[in-house]
Asker: 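First the structure, which I've put down as structure tokens, then a few questions once you've had a look.
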Amino acid sequence: NILLDFWIRLGLAGVITLVWIQFAFWRAAAAAYQRWRGRDPLRFALTVGAMGCMVNTLAHGLVDNSVYVNDLAFVFAFTLGLIATLARADSSPAQVQP
């Protein structure tokens, strides 16, 4: 259980941290979803993919290790960073540098 994993490793502060991270993630994901839907298909696809990745991480945490394994920790951090970037990105088209 992901909740138990955070609780055992970090104590009550870990449970609070998990809830805070999830709240911030889903709030930013909802903002990015609304921003990029119908505007930029690539950024919209990245947003939906990041949301699916977090759902997968939570589901995986119900049956096995969730975050406290190196490869899963990297994916978790990448997903958080990706959605934070997408939620704060400007709406101008991305410029490709040669």
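Any value given below was found using the heavy atoms of this structure, including those in side chains, with hydrogens, waters and symmetry copies removed. Each residue takes its place number in the sequence, starting with 1.
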Asker: CG of Leu4 to CG of Leu18: how many Å apart, nearest 0.5 Å?
Answerer: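 Interatomic distance, Leu4 CG to Leu18 CG, rounded to 0.5 Å: 11.5 Å.
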Asker: Kindly compute the distance separating CD (Gln22) from CD1 (Ile2), expressed to the nearest 0.5 Å.
Answerer: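 So the gap between those two atoms works out to 6.5 Å.
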Asker: Let me check something: any side-chain donor-acceptor pairs from residues 77-86 under 3.5 Å, sequence neighbours excluded? List them with distances.
Answerer:
residue, atom, partner, partner atom, Å
Thr79, OG1, Val75, O, 2.7
Thr85, OG1, Gly81, O, 2.8

Asker: Which residues satisfy the ring-ring contact (aromatic ring centres under 6.0 Å, His included) test with Phe44, sequence neighbours excluded?
Answerer: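 Applying ring-ring contact (aromatic ring centres under 6.0 Å, His included) to Phe44 gives Tyr33.
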Asker: State which residues pass ring-ring contact (aromatic ring centres under 6.0 Å, His included) with Phe74; sequence neighbours excluded, sorted by chain then number.
Answerer: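 ring-ring contact (aromatic ring centres under 6.0 Å, His included) list for Phe74, sorted by chain: empty.
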Asker: What residues form a side-chain contact (heavy atoms from CB on, under 4.5 Å) with Ile16, not counting sequence neighbours?
Answerer: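 Testing Ile16 for side-chain contact (heavy atoms from CB on, under 4.5 Å), a comparison that skips the adjacent residues, returns Leu12.
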Asker: If you compare all heavy atoms of Arg39 against all heavy atoms of Arg35, which two are closest, and at what distance to 0.1 Å?
Answerer: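 Result for this residue pair: CD-O, 2.7 Å.
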Asker: List the steps and the verdict of side chain to side chain contact (heavy atoms under 4.5 Å, CB included) for Phe76 and Ile21.
Answerer: CA-CA 11 Å; Phe76 185 71; Ile21 287 172; 3.8 Å; yes
Asker: Using the test side-chain contact (heavy atoms from CB on, under 4.5 Å), find all partners of Ala87 that sit at least two apart in sequence or belong to another chain.
Answerer: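 By the side-chain contact (heavy atoms from CB on, under 4.5 Å) rule, Ala87 matches Ala28, Ala32.
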Asker: Going only through I, L, V, M, F, W and Y residues with side-chain contacts under 4.5 Å, is there a path from Ile8 to Leu3?
Answerer: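 Ile8 and Leu3: one cluster.
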Asker: Answer yes if Phe23 and Leu10 sit in the same cluster of Ile, Leu, Val, Met, Phe, Trp and Tyr residues linked by side chain heavy atoms under 4.5 Å apart, and no otherwise.
Answerer: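 Different clusters.
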Asker: Please list, one pair per line, the donor and acceptor atoms closer than 3.5 Å that link side chains of residues 53-72 to other protein atoms, with sequence neighbours excluded.
Answerer:
residue, atom, partner, partner atom, Å
Thr57, OG1, Cys53, O, 2.9
His60, ND1, Asn65, O, 2.8
Ser66, OG, Asp5, OD2, 3.3

